[in-house]
Amino acid sequence: MRVRVRFAPSPTGYLHIGGARTALFNWLFARQQGGEFLLRIEDTDAERSRPELIDAIFRALEWLGLDWDDTPVYQSERGDAYRDAVDRLLASGAAYWCACTPEEVKARAEARGGTPGYDGHCRDLDLGSGVGRVVRFRVPDEGSTSFDDVIRGEVSFDNANLEDFVVVRSSGAPMFHLANAVDDAAQNITHVVRGEDLINVTPKVLLLRDALAVPGELVFAHLPLIVNDKRQKLSKRRDDVSVGDYIDRGYLSEAMVNYLATLGWGPPDGIEIRPLAEIVAAFRLGDVNRSGAFFDVKKLQHFNGEYIRGLPTSEFVTRSTPWLFAADVPWAADRFDVDAFEALAPLVQERVKLLSEVPGYVDFVFLVEPVLDEASWAKVMVKGRDLAVAVLDHAAKAFADCEWTVADLDVALFSYADTHDVAKGKVQAPVRVAVTGRSVGPPLFESLVVLGRDETLRRIGVAKDRL
RNA sequence: GCCCCCAUCGUCCAGUGGCCUAGGACGCUGCCCUUUCAAGGCGGUAACACGGGUUCGAAUCCCGUUGGGGGUACCA
C-alpha cells in the first residue's frame, strides 16, 4: 500500500523547531517511500486557533522546502464528518452523553483522594443531548490497548488507566482525538509520525478507530522530543524557537533542514552535511532514536557556515542582498553599490556563518564615514599610537601614487614592515581601523581596491587628525 | 500520585554479542598556514548512569535501582 503521512499543525502559534522537525521526518519518510505527504490544519478549538497563523505556517514549510501533496484539510470545515462519527458512536453505545461540569468532575476526583480523571458518573444514566453536556467515549474497563511503534516497539496501556474521555465539547465542537481518528481514516493515512508528547493519546485514537470500525491498520512512529538546555520539551514561551526567527537571523533553509535531520537520526556513513536528496535516500524511520535531542544552535551555525561557503558566489550575492537593505542597516539605500558588493562577496562568503553578518563586513564601503568600533580604536590607535602614526604617515605617502591593485598596495604598505622589522599584522591594523573602523574584516587590500584611492586617503587623513 | 517513554563524550550521531584499548561531528583546546578575521591542515580533550543476571564473551540481551523527560484538560 502506498504510504500516506500527514503533518497536522494546530494554528495556535508560529511553526516552531519541533513542528518543523516533525514535518521534516514525515516528509522524508513519504519521499523516501514514494508516498504522499499531506497537510491538515487542526483548528477544532475556535478559542485558540488563529486563522492568520495558517498562512505563516504554510510559508515556513515552503521556506523549508517541504512540499505537500493535495490541498490541505481544515478540520473546521469537517463538522459533518465528525457529527456523523459521533452519531455512530452514540448509536452503538460506544459513547454517551455526560452532564457533569469540569468542576464537578474535579471535585469528585479530589473527594476520591486526588486521583485526577473522570469517574464514569453519567456512564449508564442514558442521558440525551442537552445544553452544557458533552459526549464521552466509553473506555473498556478491562484489557489493554497497545500498538507496535516503529521507533519504540510495543507500547501498551491498561484500559483501566484510561478515563472516559470527552469526544464532543459542550460547545458541540469535536475534540482532537475524535477529529484525528476520523480524518486519518478519511485521508487514508497509513503512518502517523509525530512527537513523543502525543504517545499517551494513541490508545484513545486506537479505541476510537476500533469503535468506528475503521478498516486497515494505522502505523505509529513517535519521534523523540527536541529539548532545551534543561532537557525539557521546547516551549514557545520559554525557548526561542520559531522557524521565522531563524529566517530573520540569516539561516539558510538548507542548513536548517539538514541540521534538523540530524536530530534523532544519523546517516549510516556518518556524513552529516549533505544534500537533501541523499538524506531522503538514506533515511529510515525505524532507525530514528528514542531519546530526546538538544537543539544546539552552535552546531546549526556551523552547518549554516558550511552551506554559505558552499553556495555559488552569485547565489550568495542574491541571497545576502536583502540583508543589505534591511531596516536596521545604517546607510541610505541609494548608497548601496552592487559592483562593490560583488567584488567583496567571495571574501565575505567564507567568513560569515549567518547572512545577517554580511552587512557588518561591507558597511565601510556604503557608509559616508565608517562606524568606529571603540574597542578596535583603543587597542590599535591608542595603545599602539606611535606605530599607528608612523604607519598611517607611510601609507598616506605610499598609497598616493602606487598602482591601485592588491599586489601594489601590498608592496606599498608592507615595505614599512620590511624596513622597520614589524610584523605585517601590526602594520595593516592601523590602516584597517582607519578605513573600515574595525580591526576585523575582509582582506585589507581587496577592501581598499573597492573603496578607491581618494576615499582611502581621505579616511587615513581623518584618522591621522583624530590621533 | 498514576500512566507512558528514555538512558554512549558537554552536545548531536555511529555502534543491533566478539572487528570497541568505543568511531565521526559540533564545542572547547594545542600547533601549522596567515595582512586582521575566517577558512583549511595536523593533534588533543571527553562517554557506555549504577547493581544484578544470561553468555566462553555485553555498550549491545534480561531484571532491578537511580536519574531524566512526557502525559495526566470540554488544548493539540
Side-chain angles (χ1 to χ4, degrees), chain A residues 8-12 42-45 47-49 98 100-102 105-106 113-118 132-136 149 151-152 155-158 160-163 165-177 179-180 194-203 222 224-225 227 229-233 259 262-273 287 289-303 305-306 309 347-353 361 376 380 409-410 413-414 417 423-429 431-433 436 438-445:
Chain A
S10 177
T12 53
E42 305 220 324
D43 51 356
T44 54
D45 186 348
E47 302 267 305
R48 292 164 201 261
S49 288
C98 167
C100 301
T101 65
V105 171
K106 199 179 170 203
T115 316
Y118 181 64
R133 292 185 181 176
V134 300
V135 177
R136 285 183 184 274
D149 192 283
I151 294 168
R152 284 154 217 286
V155 180
S156 183
F157 295 80
D158 282 341
N161 287 320
L162 265 31
E163 65 175 328
F165 54 92
V166 172
V167 292
V168 179
R169 296 179 249 249
S170 56
S171 68
M175 283 290 285
F176 143 81
H177 322 94
N180 218 260
R194 48 158 39 162
E196 197 201 343
D197 50 343
L198 290 170
I199 200 166
N200 326 275
V201 122
T202 306
H222 287 95
L225 259 22
V227 301
D229 57 343
K230 295 196 194 72
R231 302 239 118 228
Q232 289 165 330
K233 179 171 109 166
Y259 175 65
T262 68
L263 256 30
W265 177 80
D269 59 12
I271 300 171
E272 295 182 314
I273 297 182
D287 287 345
N289 280 155
R290 289 173 297 275
S291 47
F294 172 61
F295 184 72
D296 186 351
V297 178
K298 283 209 173 133
K299 189 159 181 177
L300 203 213
Q301 248 179 49
H302 174 260
F303 273 46
E306 292 276 332
R309 288 191 295 279
L347 302 171
V348 174
Q349 186 176 2
E350 56 185 89
R351 287 173 168 72
V352 296
K353 284 195 165 81
Y361 276 84
S376 297
V380 177
L409 285 167
D410 183 305
L413 181 63
F414 289 145
K424 290 176 173 179
K426 293 278 188 195
V427 173
Q428 61 92 42
V431 179
R432 180 183 293 283
V433 173
T436 72
R438 298 191 188 84
S439 53
V440 301
L444 183 61
F445 305 122

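Proteins come first, then strands; the chains are lettered A, B, ... in the order of their sequence lines, and each starts at number 1.
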Of all the choices, B:rC4, B:rC74, B:rC12, which nucleotide is nearest to the side chain of A:P102 once you look at every atom? B:rC74

Classify [X] by what it touches in the nucleic acid, base, sugar-phosphate, or nothing, heavy-atom distance under 4.0 Å.
| X | answer |
| --- | --- |
| A:F294 | sugar-phosphate |
| A:R48 | base |
| A:T12 | nothing |
| A:T262 | sugar-phosphate |
| A:G117 | nothing |
| A:L413 | nothing |

With a 3.5 Å limit on both atom pairs, tell me what [N] is paired to, counting Watson-Crick and G-U wobble, or say none.
| N | value |
| --- | --- |
| B:rC42 | B:rG30 |
| B:rA22 | none |
| B:rA7 | B:rU66 |
| B:rG1 | B:rU72 |
| B:rC48 | none |

[M] and [N], which share atom name [atom1], separated by this distance in whole Å:
| N | M | atom1 | result |
| --- | --- | --- | --- |
| B:rG67 | B:rG24 | C1' | 28 Å |
| B:rC61 | B:rG23 | C1' | 23 Å |
| B:rC63 | B:rA76 | C1' | 37 Å |

I'd like to check the salt bridge (charged side-chain N to carboxylate O under 4.0 Å, His left out) partners of A:R231; sequence neighbours left out, ordered by chain and number. none

Has the side chain of A:S291 got a donor or acceptor atom sitting under 3.5 Å from an opposite partner on the base of B:rC6? no

Side-chain donor or acceptor of A:D197 under 3.5 Å from a matching atom on the base of B:rG71? no

Are the aromatic ring centres of A:F445 and A:F414 under 6.0 angstrom apart? yes

Between A:M175 and A:Q232, just flag the one whose closest nucleotide in RNA chain B comes earlier from the 5' side. A:Q232

Is A:N289 near enough to B:rA14 that one of its side-chain N or O atoms lies under 4.0 angstrom from OP1 or OP2? yes

Taking 4.0 Å as the cut-off, does a side-chain nitrogen or oxygen of A:T44 come that near to OP1 or OP2 on B:rA76? yes

Taking protein heavy atoms under 4.0 Å as touching, what does nucleotides 23-42 of chain B look like 5' to 3' if B marks base contact, S marks sugar-phosphate-only contact and - marks none? -BBSS-------BBBBSS--

Set of residues satisfying side-chain contact (heavy atoms from CB on, under 4.5 Å) with respect to A:R351, sequence neighbours excluded: A:L347, A:Y361, A:P443

